[in-house]
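A short worksheet on the structure shown next.
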Amino acid sequence: MTVVVPEAVAAGRADTGPLRLVSIPAAEHAAWAAAHGGVSFLQCPSWGRVKEGWRSESLAWTGAEGRTVGAALVLYRDLPGLGRCFAYLPEGPVIDWAAPDLGRWLEPLTAALRSRGAFTVRIGPPPALRVWEAATIRAAVRAGAVTHLRDVLPDAVDPVGAMVGERLRVLGWEPAARDTQPRFTFRLPLAGRGLDAVRDGLSPQWRRNLRRAHGAGVEIVEGSAEDLESFYALVQETERRGAFDLGRGLAYYRRQFAELNAELPGRMRLFLARYRGEVLAAHTLVTVGRGAWYLTGGSASRGREVRPTNALQWAMIQAAHGLGADEYDLRGVQPSLDRAGSDYGLLRWKLGTGGRVVEGSGEWELALNRPLHRAFRRYLARRQG
């Protein structure tokens with residue numbers, strides 16, 4: 001097992017100068033996010049315009065000489081008639097989480113959100129907790145001794161992620177009853193690796209599937225907004241096949257595509273897998289700075305024997321690599337290692353890329369108005385239960 005020591009910690013950096021928290025224009029926030037190495041697409045101003053029914057605001061921490069040293073996209077959900085709101089920072093804020101005094105960053109944030117009427121603040125600290133390589137997980141599954149990822153010794157532990165939870169508790173925060181964003185994500189490292197090395201890291205089954213798709217004549221093309229209707233039809237077909245519902249209509253995907261690309265052309269791209277003139281699969285790719293994410297995908301029940309999804313994902317991996325992404329994030333997986341369970345099937349498919357499972361810090365909440373906070377938690381429990 002390796003302990004991951006972030007560069008800032010190893011260098012003993014400690015920025016102790018005064019910080020100011022200010023509201024900034026969306027364009028300024030977007031430019032900072034694009035230049036910063038570790039910003040999630042959920043922390044870009046455009047995401048606030050995607051989320052219907054929410055208000056959004058861009059905030060920045062400024063240090064010496066007014067230089068921006070951290071930023072946050074805050075989503076506000078209003079309680080009708082009460083002048084109160086729920087404040088949510090998905091996969092944020094983007095601050096120095098390794099700083100010795102975390103309160104110096106978070107206390108100005110909570111004070112500002114309290115002044116805006118927030119009764120609860122929910123954040124999603126980006127630091128990871130643990131990392132499991134694909135080979136480690138496959139070995140544990142073959143041994144058959146465990147059924148949950150947390151029972152497997154991780155390959156790496158991030159000390160910053162381990163410290164974040166304790167520091168948040170001291171500051172009065174508590175874990176959210178249920179995370180909105182996935183706690184476990186699957187990521188394929190790309191930094192410092194040529195495409196040949198990435199391809200060599202694919203499982204034998206993945207490489208066979210790519211050869212099968214190529215031999216059958218599966219064609220990968222990049223779509224446009226006009227192809228979103230076909231994409232949505234495949235998403236719906238996938239939902240019916242898997243007996244789940246993402247709860248999003250075509251209008252949502254059109255707004256997502258328009259807003260993300262209005263912020264930066266090419267930020268969100270749609271890839272299609274065609275076979276004999278028919279679109280068999282369609283997936284979306286989002287890029288911010290040196291990060292790339294597989295966002296949403298759908299596939300047809302027919303034509304699966306020619307492996308269009310493998311070909312599609314490989315094309316997206318190539319695109320992410322070509323853009324200089326440090327890693328390609330295939331988003332959420334479940335931690336179940338029960339081979340008989342439906343959740344393990346998706347994890348097994350992603351393991352074939354040769355990447356790793358990363359457990360995040362989870363989401364945390366701070367109650368600014370305890371009666372409303374408790375009532376909101378009861379409401380969420382009824383809605384989600």
Side-chain angles (χ1 to χ4, degrees), residues 1-2 4 7 34 37-38 40-41 128 131-142 154-156 158 184-223 266-275 280-297 299 303-333 345-358:
M1 180 177 69
T2 302
V4 179
E7 184 178 338
S40 165
F41 67 95
V131 177
W132 294 266
E133 300 292 345
T136 299
I137 298 172
R138 284 196 291 257
V141 171
R142 282 195 301 269
D155 293 284
D158 188 331
F184 295 86
T185 57
F186 196 92
R187 306 179 191 180
L188 176 63
L190 298 177
R193 304 174 70 197
L195 271 177
D196 287 344
V198 176
R199 188 179 182 111
D200 288 345
L202 301 176
S203 70
Q205 183 64 55
W206 257 76
R207 292 197 295 271
R208 284 193 295 269
N209 288 344
L210 289 179
R211 288 194 296 269
R212 184 176 301 175
H214 179 75
V218 173
E219 179 188 15
I220 306 300
V221 297
E222 188 166 345
R267 167 145 291 164
M268 181 175 180
R269 299 163 67 183
L270 173 63
F271 288 78
L272 311 171
R274 290 178 178 161
Y275 176 63
L280 293 182
H283 294 175
T284 52
L285 172 71
V286 174
T287 55
V288 180
R290 298 195 304 273
W293 294 262
Y294 160 43
L295 194 51
T296 311
S299 62
R304 300 177 77 181
E305 70 280 358
V306 296
R307 308 303 183 191
T309 55
N310 293 87
L312 198 54
Q313 281 295 313
W314 177 243
M316 291 166 66
I317 290 168
Q318 290 176 293
H321 188 276
L323 290 169
D326 287 340
E327 64 179 11
Y328 177 62
D329 191 328
L330 284 90
R331 296 298 284 166
V333 293
L346 178 61
L347 173 58
R348 181 178 57 202
W349 185 77
K350 293 182 180 182
L351 287 171
T353 65
R356 54 183 60 152
V357 174
V358 177

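These figures come from a predicted structure and were not determined experimentally. All residue numbers refer to positions in the sequence shown, counting from 1.
Taking every heavy atom of both residues into account, A128 and D158 meet most closely at O-CB, 3.3 Å. When every heavy atom of E327 is checked against every heavy atom of P189, the shortest pair comes out as CB-CA, 4.1 Å. Taking both residues in full, the closest heavy atoms of E219 and V221 are given as OE2-CG1, 3.5 Å, listed atom of the first, atom of the second, then distance. Residues R187 and T185 approach most closely at NE-OG1, 3.0 Å, considering heavy atoms. Across every non-hydrogen atom of E305 and R212, the tightest pair is O-CD, 3.0 Å. Considering all non-hydrogen atoms of both residues, A319 and L285 come closest at CB-CD2, 4.1 Å.
Expressed to the nearest 0.5 Å, how far CZ of F186 lies from CZ of R356 amounts to 9.5 Å. To the nearest 0.5 angstrom, I317 atom CD1 is 6.0 Å from Y328 atom OH. Atom CG of L312 sits about 7.5 Å away from atom CG of L272, to the nearest 0.5 Å. Distance check, rounded to the nearest 0.5 Å: CG of D329 to OG1 of T287 gives 13.0 Å. To the nearest 0.5 Å, atoms CG (L202) and CG (L188) are separated by 8.0 Å. Atom CG in N310 sits 12.5 Å away from atom CZ in R207 (nearest 0.5 Å).
The main-chain N or O of K350 is never found under 3.5 Å from a side-chain atom of W206 such that the two would form a donor-acceptor pair. Side chain of D155 to backbone of E133: a donor-acceptor contact under 3.5 angstrom is found. Judged by distance alone, with hydrogens and angles left aside, the side-chain atoms of H321 form a donor-acceptor pair with the main-chain N or O of R193 at under 3.5 Å.
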Derivation and outcome, side chain to side chain contact (heavy atoms under 4.5 Å, CB included), residues Q313 and M316: CA-CA 5 Å; Q313 281 295 313; M316 291 166 66; 3.9 Å; yes

Worked check of side chain to side chain contact (heavy atoms under 4.5 Å, CB included) between T284 and M268: CA-CA 7 Å; T284 52; M268 181 175 180; 3.6 Å; yes

Verdict with supporting geometry, V141 and R348, side chain to side chain contact (heavy atoms under 4.5 Å, CB included): CA-CA 10 Å; V141 171; R348 181 178 57 202; over 6 Å; no

Test side chain to side chain contact (heavy atoms under 4.5 Å, CB included) applied to R267 and V286, step by step: CA-CA 6 Å; R267 167 145 291 164; V286 174; 4.2 Å; yes

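Residues that satisfy the ring-ring contact (aromatic ring centres under 6.0 Å, His included) test with F184, not counting sequence neighbours, are absent from this structure. Every ring-ring contact (aromatic ring centres under 6.0 Å, His included) that W293 has, sequence neighbours left out, goes to F41.
At a threshold of 4.5 Å between non-hydrogen side-chain atoms, the residues W314 and L195 count as touching. The side-chain heavy atoms of V357 and L347, taken from C-beta on, include a pair separated by under 4.5 Å.
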